[in-house]
Amino acid sequence: MALLASYSLRNLLARRMTTALTAGGMALVVFVFAAALMLAEGLRSTLVQTGSSGNALVLRKGSKSEIESVVDRNAAALVETSAEIAKAGDGAALAAREVVVLINLAKRGTGEASNVLLRGIGEKSLALRPQVRMVAGRMPRFGSSEICAGEGVARRFKGAGLGETLRFGMREWTVVGIFDAGATGFSSEIWGDADQFMSAFRRGAYTLVLVKLAREDGLAAFRQSLEADPRLQLDVKAESAFYAEQSEMMAKFLRILGMSLTAIFSIGAMIGAMITMHAAVAGRTGEIGTLRALGFPRRSILWAFVLEALLLGLLGGAVGLAAASGLQFFTISTMNFQTFAELAFGFALTPGIGLLSLGFGMGMGLLGGFIPALRAARIKIVDALRAA
Amino acid sequence: MSAPVGQQGSGSGSPAIDIRAVSKSYVRGQQTVPVLKDVSFHISPGEFVALMGPSGSGKSTLLNLIAGIDHVDAGTILVGDTDITTLNESALARWRSRSIGFIFQFYNLIPVLTALENVELPLLLTPLSARERREHATAALALVGLADRMDHRPSELSGGQQQRTAIARAIVTDPDILVADEPTGDLDRVSAGEILDLMAGLNKSLGKTIVMVTHDPRAAERAHLVRSLEKGLLIDSDPADQKDHADPALHP
């Protein structure tokens with residue numbers, strides 16, 4: 001039936017303008033559809049990559065985000081004695097006590113204020129986060145008012161550039177280094193000495209303890225060892241899973257927003273496809289009559305027109321997807337509802353999103369084209385031939 | 001089912017067409033308009049019949065009924081042993097694809113397909129392989145004298161060439177019966193003459209039974225038998241119109 005398929009394709013090509021306009025409408029819808037999915041996926045992958053496998057976070061029981069967590073000094077010291085934690089070359093546990101504080105900084109250009117996450121780090125923090133790499137300047141010295149900023153923050157916020165100073169916690173802080181953490185949440189953070197941040201913000205407790213597990217699969221054993229100690233009321237989470245959870249609500253919101261928008265738009269595009277296919281059927285009534293007279297059954301006619309509509313939808317889907325794939329060069333910076341901090345992330349195109357977008361385009365074609373195709377298949381031969 | 005075109009012998013295999021007490025009416029708004037009233041006649045195998053009559057006489061309706069693209073209200077149409085009025089939609093479609101070749105006034109070629117592809121189209125309904133389909137379609141086009149125009153679209157062909165392509169399409173599955181609705185109605189005199197020569201040749205050399213509706217007396221002259229309709233009734237033809245070579249098998 002390659003000839004019938006090529007018949008459908010050639011009819012689309014014969015009506016170049018109509019085909020281009022209808023497919024263009026569908027392409028716009030697929031573009032929005034793919035963009036929403038890519039954004040949600042970009043957010044997810046950014047936060048998933050933020051964690052390293054083999055790392056575990058120790059937080060207060062029931063904490064859904066870093067901001068909610070408090071781990072006091074005694075508890076932190078107890079955690080670090082666990083045998084499940086890997087040891088550094090000097091024999092000390094590979095663990096870092098960290099404190100997380102939200103501050104308000106003005107953006108460059110607009111001066112608009114936005115939340116930025118400050119992370120007070122321990123001496124082992126950098127070793128535990130191999131994805132973080134200094135690209136300019138140096139690491140802040142512990143015990144000083146020196147800080148380093150993620151590349152995204154340095155670029156977007158006033159005073160966060162190398163050599164500049166920021167004022168928070170009633171102190172002046174000098175940015176002595178810029179670090180790159182790839183497409184992770186850390187790129188949107190400012191780091192400094194945890195103990196300095198605690199005294200500046202008058203905090204008596206850490207936020208979390210980050211540890212490297214002695215064995216990759218040692219998470220359950222580590223959790224058990226902490227739960228066995230009645231003095232500790234703490235949760236243990238795999239670092240990557242924890243950060244992935246941070247994206248869930250926002251990614252869901254983006255998906256729902258994107259899907260609602262595309263659902264509305266797609267109705268318009270489907271009506272467009274339907275009008276195009278109705279016109280195609282009306283313009284080819286004589287051909288339909290001829291094919292039927294030659295002995296082609298109704299289902300062949302139905303199939304030929306459905307195929308034509310599917311090809312139209314596929315064309316729209318492909319164009320929309322191609323346009324959306326260009327979005328990968330852009331970075332979005334927005335507030336993550338769950339952490340209340342500014343987070344930079346990009347559009348990520350996955351094969352799954354690609355297939356889904358093409359399928360969505362074809363689905364619109366099918367829904368728009370089915371009724372006209374059914375009408376084509378039902379025309380009485382004699383009536384159709386009279387229209388020839 | 002479909003021996004390569006041109007290899008079949010005389011019309012001895014063709015079935016007779018027996019139209020018995022056929023009536024047909026159309027509903028127009030509130031009114032029922034009778035188109036055919038109790039029409040009966042017989043077409044022998046290998047005959048070339050012209051149906052004539054004024055507009056609205058019912059000749060095209062009769063042709064559509066014989067071709068199995070319309071349904072009788074009453075009566076039967078026997079083609080060979082098959083009563084086509086009892087066939088359901090899909091059985092009728094299969095029967096048409098095997099037994100009937102259509103020739104239309106306005107050729108009814110598919111504009112986006114080449115001449116060769118247009119001719120190949122009916123073969124899609126056969127179990128032939130793509131290569132066999134191509135071979136048969138090429139042979140059919142060669143038979144109508146269009147071997148050098150196979151890759152042209154209908155819009156690149158003259159009216160006469162388009163009608164030849166349509167005839168090639170009609171004969172490519174080697175059907176027993178060709179139905180033609182005003183086959184020369186859209187053609188100039190010379191082309192019309194060529195098309196009629198071609199049809200007469202198919203009737204004579206391949207033994208195809210031809211039923212043709214026409215207004216053109218020159219076209220009717222080529223037929224063995226002219227039947228006239230008026231207001232839905234078959235009227236007795238002047239015996240002088242009848243040619244005496246009704247059975248081409250006797251005149252190879």
Side-chain angles (χ1 to χ4, degrees), chain A residues 1-20 276-277 279-305 307-309 311-312 315 374-388, chain B residues 1 24 26 35 60-61 63-65 67-71 88-114 116-126 128-130 133-134 137 153-155 166 169-170 172-173 175 179 181 186:
Chain A
M1 284 286 162
L3 184 54
L4 264 196
S6 100
Y7 165 72
S8 301
L9 181 64
R10 278 188 233 176
N11 274 306
L12 281 181
L13 296 177
R15 295 175 281 125
R16 270 187 204 94
M17 198 61 180
T18 322
T19 300
T276 301
M277 290 310 298
V281 170
R284 301 218 297 279
T285 308
E287 283 178 39
I288 295 164
T290 306
L291 289 171
R292 291 291 310 285
L294 294 179
F296 284 90
R298 288 182 194 278
R299 64 169 185 282
S300 293
I301 307 295
L302 182 74
W303 192 80
F305 279 91
L307 185 71
E308 199 168 316
L311 287 171
L312 191 63
L315 179 66
L374 209 58
R375 196 185 64 154
R378 284 188 174 160
I379 301 176
K380 280 177 71 180
I381 304 174
V382 177
D383 295 341
L385 285 174
R386 209 168 284 141
Chain B
M1 166 157 65
K24 174 77 183 172
Y26 287 117
V35 186
S60 288
T61 301
L63 189 75
N64 290 343
L65 292 173
I69 57 173
D70 205 353
H71 304 277
N88 66 22
E89 187 74 38
S90 57
L92 199 56
R94 270 197 303 280
W95 175 80
R96 280 197 305 272
S97 71
R98 280 197 294 263
S99 313
I100 301 287
F102 285 89
I103 304 166
F104 303 94
Q105 180 176 1
F106 299 106
Y107 335 123
N108 291 25
L109 298 172
I110 308 296
V112 296
L113 302 181
T114 64
L116 185 66
E117 287 165 335
N118 265 290
V119 175
E120 200 187 326
L121 211 50
L123 295 175
L124 292 180
L125 298 161
T126 69
L128 294 182
S129 71
R133 288 202 304 264
R134 198 123 290 213
R153 297 266 175 105
S155 58
R169 179 179 67 185
V172 75
T173 55
V179 296
D181 194 353
D186 195 45

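Numbered from 1 within each chain, the chains take letters A, B, ... in sequence-line order.
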Chain A contact via B:D70 - side chain, backbone, both or neither, heavy atoms under 4.5 Å: both

So for A:L13, is it side chain, backbone, both, or neither that comes closer than 4.5 Å to the heavy atoms of chain B? neither

Stepwise, does the side-chain contact (heavy atoms from CB on, under 4.5 Å) test hold for B:R169 with A:T290? CA-CA 11 Å; B:R169 179 179 67 185; A:T290 306; 3.7 Å; yes

The residue among A:K380, A:R298, A:R378 that forms salt bridge (Lys or Arg N to Asp or Glu O under 4.0 Å) with B:E89 is A:R298

Counting heavy-atom pairs closer than 4.5 Å to chain A, which one of B:L113, B:I110, B:V112 comes out on top? B:V112

Given heavy-atom pairs under 4.5 angstrom as the criterion, report whether the side chain, backbone, both or neither of B:Y107 touches chain A. neither

Grab the two heavy atoms, one from B:S97 and one from A:G295, that are nearest each other, plus how far apart they are. CB-CA, 4.0 Å

Identify the two heavy atoms, one from A:A293 and one from B:F104, that lie closest to each other, and give their separation to 0.1 Å. CB-CZ, 4.3 Å

Between B:L121 and A:L291, does the side-chain contact (heavy atoms from CB on, under 4.5 Å) criterion hold? Intermediate values first, please. CA-CA 9 Å; B:L121 211 50; A:L291 289 171; 3.4 Å; yes

Between A:L294 and B:L125 the two heavy atoms that sit nearest each other are O-CD1, 3.7 Å

Interface check, chain A: of B:A67, B:P111, B:A170, most non-hydrogen pairs under 4.5 Å belong to B:P111

Show the numbers, then the answer: is there a side-chain contact (heavy atoms from CB on, under 4.5 Å) between B:R96 and A:I381? CA-CA 12 Å; B:R96 280 197 305 272; A:I381 304 174; 3.4 Å; yes

Those residues at least two apart in sequence (or on a different chain) that pass side-chain hydrogen bond (donor to acceptor under 3.5 Å, both in side chains) with B:Q105 are none

Say whether, by atom type as modelled, one donor and one acceptor occur between the side chain of A:R292 and the main chain of B:A93 under 3.5 angstrom. no

With B:R153 via side-chain hydrogen bond (donor to acceptor under 3.5 Å, both in side chains) - residues at least two apart: none

When rounded to the nearest 0.5 angstrom, what is the spacing between CG in A:L385 and CG in B:D181? 9.0 Å

